[in-house]
Colleague: 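This is the structure I have questions about; it appears just below.
Per chain, numbering begins at 1; letters A, B, ... match sequence-line order. Keep in mind it's a predicted model, so treat the numbers as computed, not measured.
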Amino acid sequence: MELSFGPEYESFRDEVRDFITKHKDQQAPSGAGSDAGKSWQKTLIEAGYTARTIPKEYGGFGAEPDMVKSRIINEEFATARMPGGLGGQGISMLIPTLLELGTDEQKEQFIKPTLHGEMVWCQGYSEPGAGSDLASLRTSAVLDGDEWVINGSKIWTSTAHLAHWMFCLVRTEPDAPKHNGISFLLLRMDTPGIEIRPLVDMTMNANFNEVFFTDVRVPKDQIVGRRGQGWQVANAILGHERDSLADPNASLTRLNSLIDLMKTETLGGERLIDNPLYRERLMKIQGRAMAMRYNDMHVLSSRLNKDQEAPLARMITKLQGTELRHELEALAIDAMGEVGLSFGSNPYLRGGGSWQYQFMYFLGLIIGGGTNQIQKNIISERGLGMPKEPKIEK
Amino acid sequence: MELSFGPEYESFRDEVRDFITKHKDQQAPSGAGSDAGKSWQKTLIEAGYTARTIPKEYGGFGAEPDMVKSRIINEEFATARMPGGLGGQGISMLIPTLLELGTDEQKEQFIKPTLHGEMVWCQGYSEPGAGSDLASLRTSAVLDGDEWVINGSKIWTSTAHLAHWMFCLVRTEPDAPKHNGISFLLLRMDTPGIEIRPLVDMTMNANFNEVFFTDVRVPKDQIVGRRGQGWQVANAILGHERDSLADPNASLTRLNSLIDLMKTETLGGERLIDNPLYRERLMKIQGRAMAMRYNDMHVLSSRLNKDQEAPLARMITKLQGTELRHELEALAIDAMGEVGLSFGSNPYLRGGGSWQYQFMYFLGLIIGGGTNQIQKNIISERGLGMPKEPKIEK
Amino acid sequence: MRFGLSEEQTLLADSVTRFLADNVPLDEVRKVASGESSDAAVWQGLTELGVPGLLIPEDHGGVGLGSLDAVVVADCLGANVTPSPFLSSAVIAPTVLVAAGQREDLLGSLAGGEIRIGTAFGEAIGARVDADVKVSGGKLSGKSLFALDTHADHFLVATKGKHVYLVNASDCEVTDLPTVDRTRTTCEIKYNNVAAELISDNPDVFTEALDRARVVMAADTLGAAQHMIDEAVAYAKVREQFNRPIATFQAVKHMCAQMTADLEPCRSMVWYAGHALDNVPEEARLLACHTKAHLAEVGRSVSKTATEVHGGMGFTDLLGLHYWFKRCGFNRQMLGVPELVREEAARIQGLAA
Amino acid sequence: MRFGLSEEQTLLADSVTRFLADNVPLDEVRKVASGESSDAAVWQGLTELGVPGLLIPEDHGGVGLGSLDAVVVADCLGANVTPSPFLSSAVIAPTVLVAAGQREDLLGSLAGGEIRIGTAFGEAIGARVDADVKVSGGKLSGKSLFALDTHADHFLVATKGKHVYLVNASDCEVTDLPTVDRTRTTCEIKYNNVAAELISDNPDVFTEALDRARVVMAADTLGAAQHMIDEAVAYAKVREQFNRPIATFQAVKHMCAQMTADLEPCRSMVWYAGHALDNVPEEARLLACHTKAHLAEVGRSVSKTATEVHGGMGFTDLLGLHYWFKRCGFNRQMLGVPELVREEAARIQGLAA
């Protein structure tokens, strides 16, 4: 068990800390499109603290991939509450996809402006009829001369109303087996025929949108990979997204907020932390959260050390992490009694209403990113080698 | 909501109480075959408190079926801890089957001696390879002249070592669909070719046996119902057995024993009941147990009143009741700390070791009598009208 | 022996359900929840059915029915996430006024839907320290938090000692306190030396009303949770993924079976608790506590699982399923969270100090 | 950075596992559990592998390894439900004697398997009132309950004040107290003014040993529970019902997935706790508590679920699965039930009095 990253990395950590000290007054830039955000992004890229491994020619820092350095950057930025670089699905999902599978022209055209916040993307994967079974998606693209003509709809499209472009999966080969009939297209959101409707969720926020396509025409060459290869293109990077839904360090940070809450809030004249029942629940959750943190270290280690494997440790994070967070938020609500119900404009709101919000949001994450039932299928089939759901007679 | 059974029944209750007072020194007879047991059985039948609805000609009391009277008898006997009549699968399962589907000769030959404890039965249904999927049983009976020749084995056969006779399911039509190839046979346990092996379970008791058949020859007419009808014969009464696995009144009685335990036992100088965490768990279980009691009253009422239906209330009793009891026993064990581990000859054993015993036994009942997974299939399919498990491609 | 609802109770349920289906569809609930309209019209409609006067004796202008009837109505209201001041105006207030034999003149106006009486019971149940109601010389000072019914004309205010006072809403500073569940309203009431009329100094009066309110709240959860199961089962039968209805997946079937197994006994429990309040006084208090707490737990697990069965659709506002989820959540927290109520259950049996 | 076992630790696990597979198969476990034979032969074999001296410094005749190595061995012992006095003789006793710097002469005999030292720690953890150890003038009176290792030659006895004394078993009245788990023995020890040697009056010595013991016990549960999952998955793949392996049923698959999801993080937690005991002293106590309590909970749910996956076969003695079930049960209750240990975790963080 060697938990330090070694002296080389400790000196890298010092560098990062120096940078943070130097920029300690940096405010979180508001909004993806703001000039402040773009300028901070530029500073971070130049220092190598975002877009670190993206080649210089595409506007990145051009370093060799190094998971440890990435982690150190993340850790130090999080500890210092220093704002990170631009996020969003264009940067986190499209750029890696293009780097791996895009044409030179596509790399040239899209990566740099995306990285620098000039070009904002949304993702068009799920459809109302294709959730857990994403590969059954039906939005169609038919080649008409030099253009794809798209009809159908997408759902769960976050930031659709802000995005300039969308990367999406559409069915181009209706007669092929379902996984082989999909293509990965890029399209401008101002193309005629696109309608965006905000999708209100149980938190009463429109975190997502529905996007409808009616005869939307897209140039033929705005395809990544070949026709019918879209499923493989999307899956090349899909796995990474799920892991981030249930970061154990975020759970522990949240747990500390809960402890603070329970030390200060009272009910019936008693501090919440002094109620043995809530304290017991807090400790149970803390134990589980700690287990998840070490599980995460195990996963990281298996990525750093080629002779280590921890496939199960990785597969279970989304299932466990989302349930844990949902229960953590529930404890805060329960312990506060009637006050815990507060939501919206209410002077007794605690944590800015985040306890109820996150309670619901994490129920959404139990469902989203592959429902927890799908997760259990994956664990049992890929992790434990149990048989796939048998084919049924028609 | 009318919870009294009415004046007619209250006077019946008084009669039962008078009987109980008169026999208040009656000891529980030990062993099914004891003379004391047989004599007490005779007394009870004459008074109409056991074998109540079995016709006089077959040795019963010959009353009309009356669920309320049966319940009053059960309630009063339980409250007074008065020993009931003989039990066992011959009386509870075979006699109702014969009454409904047996020939006159079979009724004549078997019911009276069974009822009077002269003839003890065991049940041969489950097989090592046929548990949840009982209808796939393979023990075969082949007609050879005037005799069935049986080969195979049975498992979970309680009292096999004490029984004179077995009623069992065997496959007589190997080419028929599996539910239509089974017959219901009766056979003497001293027939050559039968071997009985005690089956030790996790409580380290041999509550059950395995029974092996090698060319066991049984007269052709020892069949109930027709050839291939055995599945229907067995199912005519199978449902009743499951209900009795999780009697809510037994759970509440047991809960009272747990409360007594928690009021007297101490750990770390504190009465168990004074520990808020165990008290909270106790109250949670009490709430659930009370819900199950009223659910049971609802079921009874739906049987008494033809215009009432409560199919779901009945379907869920085994699933909920067995889990509840398992958790109830677990609470006792947990609350006692190290002492709760006691099992076997140990002066610190509480409740005669029953807490650990029942903790395991009720895990057995979660599995037995249709596993709780099978119960959930039944609830969703028969109760909620959800589709059956689809047929799979071979 | 007949355990269950009478024919009259079934008819009552049918008529309330029919009214709600016709007049308070989900669209109307949305309007009230968003503040676009108030619950006044709904309450007016329910008044025509006699709902506000359900528990008020006939000689005071009510219908003179009992707790089990109130349970039946609450079940329907929960099933339809109906916005209304039912709990405060139709259950708690009449119970207090009748039991105390005070201000019975208000009963007729309550029954007629002319006035609404809110309730501020938090203080007597176990409230936050800064919600501190003080009585001095017939005047109230301090404040109440999360009182029921922002739109009430009067409030019944319970003190720590379980005395109950009546105040006029117009004499107080009433501020709406929004919660996740916008189908019922709660508020902060500030008392600045407000004239208050002592309704009862007998803690039993408070307790009788609280017990009834808890059982009725449990019945509301029963209705809401049953609706969610029904929706989940129906959705699973039509929603297809992987070329088959998701109801054919054992995981989905077992989720529905477990919800049913958890909720079905609750129906009998709520019914019996309603019955016991009026007929089995020696069991009523314990039952009220256990029914409130048990339904709170089952309501939480059912509302979570039913949402999961709906997949992403359950998380959106499109089907409005979250209104039922939040209804269960509100019922869990108000009038005593489960932990607090279970401790009361233990005390009633002499198992806790 | 490398989170996980070293090559040496993997080799240690392999050699212990190989020894147990060859020499302590289930049949041997059955014999010990039924009283037909004792655990002496097993312990002798483990002695040849150096197990009793694992934590004993080399200059005292031991192997001089650390807590994480003990965790590795405990994992193997749990996976094989190995009967042995490992926890008392190889973990607690060496830790106490080394930390206290007392009676180090015994360490060589411990390492050589010549003596066994049992432990009676219940009193200092929170024991029954009638287990009352009194010390007066260097003599012990009263009794200890559920002390570890009925067959020990000496016992380390902790008092309420966390002082630790050494007594000779032959001076005491030792009675076996059978528990559900017969792979480890516990006993009652009666002290009739027995000569006792003060080993430590420093509570930190007791605590250091308790922390280590709790982590090692958690590792034993990890091994036992992992074995049960492996068996359940393997059984589900071969057991057929309804013409298909039960592993094709989603209900069975999800039970196995849930067990895995619950247990997998425990492995990392147990490893890290073992590491922290020797290397991160500021985290060690909290980790020891949480690891003990969390593994107790997961051990209970996994052992129940794995039994259910086995159906009726899980309930019988035929496969012997219940030995693992009971092993998890024993580890849950001994050295502090989860509720007690979590309260300690809260105290360590200043969250409880």
Colleague: Heavy atoms, side chains only, cut-off 4.5 Å: are D:Leu351 and A:Met262 in contact?
Modeller: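 Heavy-atom side-chain distance check fails, nothing below 4.5 Å.
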Colleague: Taking C-beta and beyond as the side chain, do D:His275 and A:Leu3 meet within less than 4.5 Å on heavy atoms?
Modeller: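 The answer is yes; the side chains approach within 4.5 Å.
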Colleague: Give me the atom names and distance for the closest heavy-atom approach of D:Ala247 to A:Met386.
Modeller: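 For D:Ala247 versus A:Met386, the nearest heavy atoms are CB-CE, 3.7 Å.
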Colleague: Of all heavy-atom pairs between D:Met1 and A:Phe5, which one has the smallest distance, and what is that distance?
Modeller: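 That would be CB-CD2, 3.1 Å.
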Colleague: Quick check: under 4.5 Å, non-hydrogen atoms only, which of residues 216-234 of chain D neighbour chain A?
Modeller: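 Result: D:Val233.
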Colleague: How many angstroms lie between atom OG of D:Ser268 and atom CE of A:Met297, to the nearest 0.5 angstrom?
Modeller: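 Between atom OG of D:Ser268 and atom CE of A:Met297 there are 9.0 Å.
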Colleague: Is it the case that the side chains of A:Asn377 and D:Gln250 hold a donor-acceptor pair, with the cut-off being a distance below 3.5 Å and no angle test?
Modeller: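 Yes, because at least one side-chain N or O of D:Gln250 sits under 3.5 Å from a partner of the opposite role on A:Asn377.
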Colleague: Would you give the length of the straight line joining atom CD of D:Gln258 to atom NZ of A:Lys376, rounded to the nearest 0.5 angstrom?
Modeller: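 One finds 4.5 Å between CD of D:Gln258 and NZ of A:Lys376.
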Colleague: Answer with side chain, backbone, both or neither: which region of A:Gln320 has an atom nearer than 4.5 Å to a non-hydrogen atom of chain D?
Modeller: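 The answer is the side chain of A:Gln320.
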Colleague: Checking D:Lys237 against chain A: side chain, backbone, both or neither under 4.5 Å from a heavy atom?
Modeller: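 Side chain only.
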Colleague: Hey, are D:Gln349 and A:Gln286 close enough side-chain-wise for a donor-acceptor pair under 3.5 Å?
Modeller: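 Judged by distance alone, the side chains do pair up.
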Colleague: Do the rings of D:Phe3 and A:His298 sit parallel, tilted or perpendicular, given the 30° and 60° boundaries?
Modeller: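 Rings of D:Phe3 and A:His298: tilted, as their planes differ by 30° to 60°.
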Colleague: Given side chains that start at C-beta, do those of A:Tyr294 and D:Thr291 come closer than 4.5 Å, heavy atoms only?
Modeller: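 A side-chain contact under 4.5 Å is absent here.
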Colleague: Could you give the distance from CD (D:Glu339) to NZ (A:Lys284), rounded to the nearest 0.5 Å?
Modeller: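 So the CD of D:Glu339 and the NZ of A:Lys284 are separated by 7.0 Å.
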Colleague: OG/A:Ser301 to CH2/D:Trp271 distance, rounded to the nearest 0.5 angstrom?
Modeller: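 These two atoms lie 8.5 Å from each other.
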Colleague: Before giving the answer on side chain to side chain contact (heavy atoms under 4.5 Å, CB included), spell out for A:Met1 and D:Gln9 the whole-Å C-alpha distance, their side-chain angles and the decisive distance to 0.1 Å.
Modeller: CA-CA 10 Å; A:Met1 190 78 82; D:Gln9 283 158 342; 5.7 Å; no
Colleague: Apply the test salt bridge (charged side-chain N to carboxylate O under 4.0 Å, His left out) to residues D:Glu343 and A:Arg279: give CA-CA distance (whole Å), side-chain angles for both, the deciding distance (0.1 Å), then the verdict.
Modeller: CA-CA 8 Å; D:Glu343 189 69 355; A:Arg279 190 168 63 235; 2.5 Å; yes
Colleague: Output the distance between atom SG (D:Cys256) and atom CD1 (A:Ile379), rounded to the nearest 0.5 Å.
Modeller: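 Answer for the SG-CD1 pair, D:Cys256 versus A:Ile379, is 11.0 Å.
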Colleague: Going from CG on D:Leu5 to CD on A:Gln308, what distance comes out if it is rounded to the nearest 0.5 angstrom?
Modeller: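 The CD atom of A:Gln308 is 8.5 Å from CG of D:Leu5, to the nearest 0.5 Å.
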Colleague: Is there a side-chain contact between A:Leu304 and D:Arg2 (heavy atoms, below 4.5 Å)?
Modeller: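 Of all side-chain heavy-atom pairs linking D:Arg2 with A:Leu304, none is under 4.5 Å.
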Colleague: Do you know which of D:Val280, D:Leu286, D:Asn279, D:Asp262 has the most heavy-atom pairs with chain A at a distance under 4.5 angstrom?
Modeller: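 Option with the top pair count is D:Asp262.
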Colleague: Find the one option among D:Gly4, D:Ala345, D:Cys266, D:Ser6 whose heavy-atom pairs under 4.5 Å with chain A are most numerous.
Modeller: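 Top option by heavy-atom pairs under 4.5 Å: D:Gly4.
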Colleague: Decide yes or no for A:Met283 and D:His290: does some side-chain heavy atom of the first lie under 4.5 Å from some side-chain heavy atom of the second?
Modeller: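 Side chain of A:Met283 against side chain of D:His290, heavy atoms only: contact under 4.5 Å found.
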Colleague: Side chain, backbone, both or neither: which part of D:Glu344 has a heavy atom under 4.5 Å from chain A?
Modeller: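 Contact with chain A: none, neither part.
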Colleague: Top residue by heavy-atom pair count (under 4.5 Å) with chain A, among D:Met255, D:His294, D:Arg267?
Modeller: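 When all of D:Met255, D:His294, D:Arg267 are compared, D:His294 has the most.
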Colleague: Go through the atoms of D:Ala273 and report whether side chain, backbone, both or neither lie under 4.5 Å from a heavy atom of chain A.
Modeller: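 Neither part.
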Colleague: Chain D heavy atoms under 4.5 Å from A:Leu319: which part of the residue, side chain, backbone, both or neither?
Modeller: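 The side chain, not the backbone.
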